[in-house]
> 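Mind looking over this structure? Questions follow.
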Amino acid sequence: MEKKPRVPVYIQILAGAILGVICGLILPEYSPFGGFLGTLFLRLLKMLIIPLIFSSIVMGVVSTSSASSFGRLGLKTLVYYISTSLLAILTGQLFVNLLQPGVGTHLHAAAQVKSTTTFSLKDIFLNMVPDNIFSAMASGDVLPIIFFALLAGFFIGVLGQKQRQTLTDLMDAIYQLMMKITGFVILLAPVGIFGLIYKTVASTGTAVFGNLMFYFFTVLAGLVVHFFVTLPLLLHLFTRQNPYRFMKQMIAPLVTAFSTSSSSATLPLTIETIETEAGVSNRVAGFVLPLGATINMDGTALYECAAVIFIAQAYGYHLSMGAQVVVVVTALLVSIGAAGIPMAGLVMMTVILNAVHLPLEGVGLIIAVDRFLDMFRTATNVLSDSTGAKIIDYSEQKLLSRQGASPQGEIATPTP
Ligand code: ASP
């Protein structure tokens with residue numbers, strides 16, 4: 001039997017994070033050492049992303065026995081992603097309109113924004129199909145890899161028995177190997193998280209808040225409500241389980257998301273933890289989570305909406321109801337299109353500013369606190385993906401047990 005570590009991993013991780021804040025505040029001169037540890041940890045995580053996403057999606061599709069159950073899983077996932085992102089956006093919209101943090105502020109843009117990112121639904125679809133799968137893998141382009149993996153998983157299922165078995169065994173072996181390496185990387189998470197937070201606190205400091213304090217806390221309030229109320233309520237409503245226990249089980253990926261500000265880099269930990277700690281099946285986790293890390297970003301969506309309305313308030317622009325609807329819809333699209341990397345949301349904001357004819361320099365107003373907000377919104381993004389996987393897994397288990405079947409390819413058992 002495996003020996004349990006004396007101090008639970010989540011305590012080690014929280015201790016690493018707190019120590020990082022303390023060191024960042026009192027010993028900023030040694031922060032390059034923290035930066036070194038943090039970057040090492042980040043690279044270890046990133047190293048796993050591509051083979052893990054590919055093998056987990058292929059295995060997820062291969063173990064989904066029929067096209068109709070695959071369609072059902074896809075539909076549930078999309079409905080969950082779109083509805084929680086919309087709930088998040090509306091929460092952000094409510095807070096920023098209620099508290100009006102931008103009204104009467106005298107802010108100056110901290111940076112000139114030149115780029116006019118253009119972006120549409122058409123772009124999302126086009127970018128989904130790789131023109132070269134190897135270059136997509138080499139540049140870490142997740143959406144085209146997901147697309148190719150879905151096709152590969154589906155067509156492995158229609159091959160002859162011998163080829164099907166060979167490829168399934170190969171993918172399963174790669175997948176199991178990635179999970180083992182991820183398990184090892186998790187052991188290093190407390191040190192890596194310590195380093196990342198140490199460096200961020202030391203290099204960003206707290207002085208940047210200045211008159212952005214009110215804006216910062218308005219967005220944070222929205223994120224807190226979505227994180228601690230909306231998502232837990234949904235989990236409880238659909239699974240009747242204790243959502244805070246689930247959060248505790250998911251503490252390693254949540255704190256990692258917070259300290260790396262990257263849902264993609266956190267993905268290996270999210271998949272490993274949700275299967276081993278929260279008992280979600282590989283079939284669901286392998287499909288829902290990689291997709292979620294790329295297209296489901298509740299925290300980003302909430303922040304986009306709140307930040308754009310804040311910018312309008314700060315410039316003294318009145319946004320009509322119609323314009324606010326445009327903000328809501330574009331914030332949804334932008335959150336789908338944003339990559340799971342640090343500060344992707346800030347870059348994508350120019351798309352919404354363009355759509356409602358606000359000055360692009362508005363991005364410069366909020367840049368100073370963006371690094372901190374990114375930590376909170378990324379943790380929210382990862383909690384939403386995980387909650388979705390848990391809810392969908394629960395509903396799939398119920399369906400399968402009603403049909404008297406057990407899904408193939410499961411490697412984890414559901415929690416009682
Ligand atoms: N950093 C976020 C993520 O990786 C994206 C963003 O909002 O900038 O999920």
Side-chain angles (χ1 to χ4, degrees), residues 38 41-43 45-46 48-50 53 81 84-85 88-89 91-92 111 113 115 117 119 124 140-143 146 192-193 196-197 199-200 204 215-216 219-220 222-224 226-227 231 250 253-271 288-308 310-311 327 330-353 362-364 366-389:
F41 175 59
L42 207 56
R43 291 182 75 107
L45 286 174
K46 286 185 175 167
L48 300 167
I49 297 175
I50 304 300
I53 293 185
Y81 284 167
T84 54
S85 294
I89 294 173
T91 308
V113 182
S115 75
T117 321
F119 168 82
I124 299 185
D141 238 347
V142 177
L143 223 45
I146 293 180
I193 284 166
L196 286 166
I197 293 194
K199 184 172 165 251
T200 310
T204 321
Y215 157 73
F216 179 83
V219 180
L220 192 59
L223 290 173
V224 164
H226 196 71
F227 193 99
L231 291 173
M250 296 304 292
L254 290 178
V255 181
T256 304
F258 182 78
S259 51
T260 58
S261 292
S262 170
S263 346
S264 290
T266 311
L267 184 60
L269 281 190
T270 320
I271 295 181
V288 174
L289 291 175
L291 212 59
T294 325
I295 65 168
N296 181 47
M297 300 201 178
D298 291 10
T300 304
L302 185 155
Y303 145 86
E304 297 285 347
C305 175
V308 167
F310 167 80
I311 290 169
V327 171
T330 343
L332 178 68
L333 285 181
V334 158
S335 72
I336 293 174
I341 55 171
M343 292 175 89
L346 187 78
V347 180
M348 298 296 276
M349 190 170 297
T350 50
V351 176
I352 314 181
L353 292 174
V363 170
I366 54 169
I367 213 162
V369 291
D370 200 71
R371 187 66 188 79
F372 279 120
L373 273 182
D374 200 4
M375 300 167 95
F376 292 97
R377 63 182 191 249
T378 309
T380 310
N381 292 345
V382 170
L383 182 66
S384 174
D385 300 341
S386 311
T387 304

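Predicted model only: the values in this text are computed from it and were never measured. Read the numbers this way: they start at 1 and go in the same order the structure lists the ligands and their atoms. The first residue in the sequence is number 1, and the count goes up from there.
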> Is a donor on one side and an acceptor on the other found under 3.5 Å between the side chain of Ser261 and the backbone of Ala257?
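Looks like no, no N/O pair under 3.5 Å.
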> Does a side chain donor of either Thr270 or Asp385 reach within less than 3.5 Å of an acceptor in the other side chain?
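Absent: no donor and acceptor within the cut-off.
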> If you measure every N/O of Ile341 against every N/O of ligand 1, is any gap under 3.5 Å?
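Right, the criterion is met.
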> Show me which atoms of ligand 1 lie under 4.0 Å from any heavy atom of Gly345.
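Within the 4.0 Å cut-off of Gly345, ligand 1 contributes 6 (C), 7 (O), 8 (O).
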> Heavy-atom contacts with Gly340 under 4.0 Å: which atoms of ligand 1 show up? List them by number with element.
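Going through ligand 1 atom by atom, the ones under 4.0 Å from Gly340 are 3 (C), 4 (O).
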> At what distance is the nearest protein heavy atom to atom 2 (C) of ligand 1, and which residue and atom is it?
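For atom 2 (C) of ligand 1, the nearest protein heavy atom is Thr378 OG1, 3.3 Å.
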> Would you mind running through ligand 1 and noting each atom that sits below 4.0 Å from a heavy atom of Thr300?
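Matching atoms, with element in brackets: 5 (C), 6 (C), 7 (O).
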> Determine yes or no for a side-chain-to-main-chain donor-acceptor pair under 3.5 angstrom, with Ser262 supplying the side chain and Gly340 the backbone.
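Yes, Ser262 side chain to Gly340 backbone: donor-acceptor pair under 3.5 Å.
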> Show which atoms of ligand 1 fall inside a sub-4.0 Å distance from at least one heavy-atom site of Met343.
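Answer for ligand 1: 8 (O).
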> Will you find, in the side chains of Asp370 and Tyr303, an N or O donor that is under 3.5 Å from an N or O acceptor?
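Checked: Asp370/Tyr303 side chains pair up, N/O donor to acceptor below 3.5 Å.
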> Short list, please: which atoms of ligand 1 are under 4.0 Å from a heavy atom of Ser262?
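The atoms of ligand 1 under 4.0 Å from a heavy atom of Ser262 are 4 (O).
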> Considering only non-hydrogen protein atoms, determine which one is nearest to atom 9 (O) of ligand 1 and report residue, atom name and distance to 0.1 Å.
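Of the protein heavy atoms, Ser263 OG, 2.3 Å lies nearest.
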> Which value, rounded to the nearest 0.5 Å, describes the distance between Thr84 atom OG1 and His226 atom NE2?
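Answer for the OG1-NE2 pair, Thr84 versus His226, is 5.5 Å.
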> When you measure from atom 1 (N) of ligand 1 to every protein heavy atom, which one gives the shortest distance, and what is it?
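Protein heavy atom with the smallest distance to atom 1 (N) of ligand 1: Asp374 OD1, 2.8 Å.
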> Could you tell me, atom by atom, which parts of ligand 1 come under 4.0 Å of a heavy atom of Ser261?
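Once the distances to Ser261 are compared, the set is 1 (N), 4 (O).
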> To the closest 0.5 Å, what do you measure between CG (Asn296) and OG (Ser335)?
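Reported value, rounded in 0.5 Å steps: 7.5 Å.
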> Measure from the side-chain N and O atoms of Ser259 to the backbone N and O of Val255, and report whether any donor-acceptor pair falls under 3.5 Å.
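Looks like yes, one N/O pair under 3.5 Å.
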